[in-house]
Engineer: 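Structure in structure tokens, see below.
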Amino acid sequence: MIVKEWCMYCGECAGVCPRNLIEVRELTLKFTEEHCKECSLCIQVCPVKALEQE
Amino acid sequence: MVIKTDVLVIGAGPAGSTAAKHAASGGAKVLLMDKKSEIGAPKRCAEGVSNGGLESLGIEHNPRWITRELDGVRLIAPDGTNVWLTSDKVDLPEAGCILERKVFDKYMAMDAARAGAEIKIKTLATRMERNDEGFLVDAECMDEKFQIQAKIVIAADGPESRVARWAGLRTAVKPKDMESAAQFEMAGVQMENNKCIEFYFGSVAPGGYAWVFPKGDDIANVGLGILTTITDKSAYEHLLEFVKNCPATQNAQPVELNIGGDPVGGLPKKMATDNLMVVGDAAGQVNPLTGGGIISGMTGGMIAGKVAAEAIEENDFSEKKMKKYEKECRETIGDSINKYLKVKDYMMTLNDDELNSIADVFKDSDFEKVSTGELVKNLVKVSPKALIKLGKLF
């Protein structure tokens, strides 16, 4: 997952990730990519379009 | 290093802090942790609460965290038709106020601390596992890694709701149930009545609404929530468009941008399991129609905190005991959440023309008081479609 630099770490992506793979820290976003099925729900809900499929 | 505690509350928003306060007041050893360096900031909220809600939680108004006392509501239809519900028109307005969340949230955490809770900030829970004594939680604070052994975990980690899922609960939210929201706090906002909260309906915010909530004479939270399942634009793009077109914001400038998700799908099937309770946004404790979740989340937190203290005293952390929280929660806030879920589903079926015609009738209607329930009651009176879907509920 590509996290754009304008990400505001609101965590909405983490809330919809069906596999609970997104860890949102205060100023970083960490994906456990090896388990990601690329459902892209995280990309869909982002309020500022800060996520992009690699 | 392992820190031992009776109750670990993860997340120090209003729901978590309220849970911590009541658990500590009830005699439990409580640890309250939050991943952020400042509790309450950045806000992800339009900051409106009803006075009755604060009262029901036993919280007295404090000028430190109230920015504006409200005098009514203005509803704006897509064609610009106004429905005013103000104290000169309505006898007994159910008044509310606009908070300063970054002060309010800290104040609630301070209350928890005064009740005896220990607070750790800039501390993130990274995983947890169940053991004989409850949960062993991995945590990180700056360069320090440690573990916390808790008999009870109260998951108050907001819309992300990761903690409950570590315990096997299904609290993930589907995009159709997650409002994607964006908001500017602005100065220079020219409101027609700067003591009224404004709601804009229709295609300005597909699947949600736009709002202008006053925080001062010319200061307001201007935002909107949308469902990304029915629009291709992001919440932020919708917000830019709204601010460009809204008469009140033509000369306004932003001083803050807030974004975030708001779970509007109602309560999950299960909010408690052995040694764990979920509260606040993490448990969908939000009015699905308004998206408001401060009071309902704090109510959930209060019940969870009291049950946690009781459980510690009785040394019973079973699912059966934790379910006492769930049962009470469904009784106090669950019924109303279910009702408003149906109203939201109905509102979602209305197009701009239908909203305009409802507003046209509403603008001359007499309302006895200003509340969401009262509005829906009147909606049932004027719309046959609403009567069929909602008549029995309101």
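To find a chain, count down the sequence lines: A is the first, B the second, and so on, and within it residues start at 1.
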Engineer: Just checking, any donor-acceptor pair under 3.5 angstrom between side chains of T126(B) and E23(A)?
Structural biologist: no
Engineer: Among P159(B), P175(B), A182(B), A235(B), who wins on heavy-atom pairs under 4.5 Å with chain A?
Structural biologist: P175(B)
Engineer: Backbone N or O of V24(A) within a donor-acceptor pair of the R162(B) side chain at under 3.5 Å?
Structural biologist: no
Engineer: Heavy-atom cut-off 4.5 Å, strictly under: side chain, backbone, both or neither for Q183(B) against chain A?
Structural biologist: neither
Engineer: On a heavy-atom basis, which atom in C17(A) and which in A172(B) lie closest, and how many Å separate them?
Structural biologist: O-CB, 4.3 Å
Engineer: Is there side-chain contact between Q44(A) and T229(B), with heavy atoms separated by less than 4.5 Å?
Structural biologist: yes
Engineer: Is K233(B) close to chain A through its backbone or its side chain, or both, or neither, when contacts mean heavy atoms under 4.5 Å?
Structural biologist: backbone
Engineer: Any side-chain heavy atom of S180(B) sitting closer than 4.5 Å to one from P47(A)?
Structural biologist: yes
Engineer: With a 4.5 angstrom heavy-atom cut-off, could you sort out which part of A181(B) is near chain A: side chain, backbone, both or neither?
Structural biologist: backbone
Engineer: What part of L21(A) gets closer than 4.5 Å to chain B, counting heavy atoms only: side chain, backbone, both or neither?
Structural biologist: backbone
Engineer: Quick check for you: to the nearest 0.5 Å, what is the distance between C10(A) atom SG and D262(B) atom CG?
Structural biologist: 11.5 Å
Engineer: When you look at CD of E5(A), are more than 12 heavy atoms from neighbouring residues, nucleotides or ligands closer to it than 6.0 Å?
Structural biologist: no
Engineer: Identify the residue among T228(B), V173(B), L227(B) that makes a side-chain contact (heavy atoms from CB on, under 4.5 Å) with V45(A).
Structural biologist: T228(B)
Engineer: Measuring from atom CZ of R44(B) to atom CD of E12(A), what distance do you get when rounded to the nearest 0.5 angstrom?
Structural biologist: 10.5 Å
Engineer: Between I22(A) and chain B, which part of the residue has a heavy atom less than 4.5 Å away: side chain, backbone, both or neither?
Structural biologist: backbone
Engineer: Between K49(A) and S234(B), which heavy-atom pair has the shortest distance, and what is it?
Structural biologist: CG-CB, 3.8 Å
Engineer: Using non-hydrogen atoms and a 4.5 Å limit, figure out which bit of L124(B) sits close to chain A: side chain, backbone, both or neither.
Structural biologist: side chain
Engineer: For C46(A), is it the side chain, the backbone, both or neither that has a heavy atom under 4.5 Å from a heavy atom of chain B?
Structural biologist: backbone
Engineer: So which residue, T171(B), L257(B), I226(B), ends up with the most heavy-atom pairs under 4.5 Å with chain A?
Structural biologist: L257(B)
Engineer: Side chain, backbone, both or neither: which part of E179(B) has an atom under 4.5 Å from a heavy atom of chain A?
Structural biologist: backbone
Engineer: Between K35(B) and E26(A), is the salt bridge (Lys or Arg N to Asp or Glu O under 4.0 Å) condition met? List the steps.
Structural biologist: CA-CA 7 Å; K35(B) 68 180 178 185; E26(A) 192 167 21; over 6 Å; no
Engineer: Using a cut-off of under 4.5 Å on heavy-atom pairs, state which of V16(A), N20(A), L41(A) scores highest against chain B.
Structural biologist: N20(A)
Engineer: Taking side chain as everything from C-beta outward and backbone as N, CA, C, O, which of these in D177(B) sits under 4.5 Å from a heavy atom of chain A? Side chain, backbone, both or neither.
Structural biologist: neither
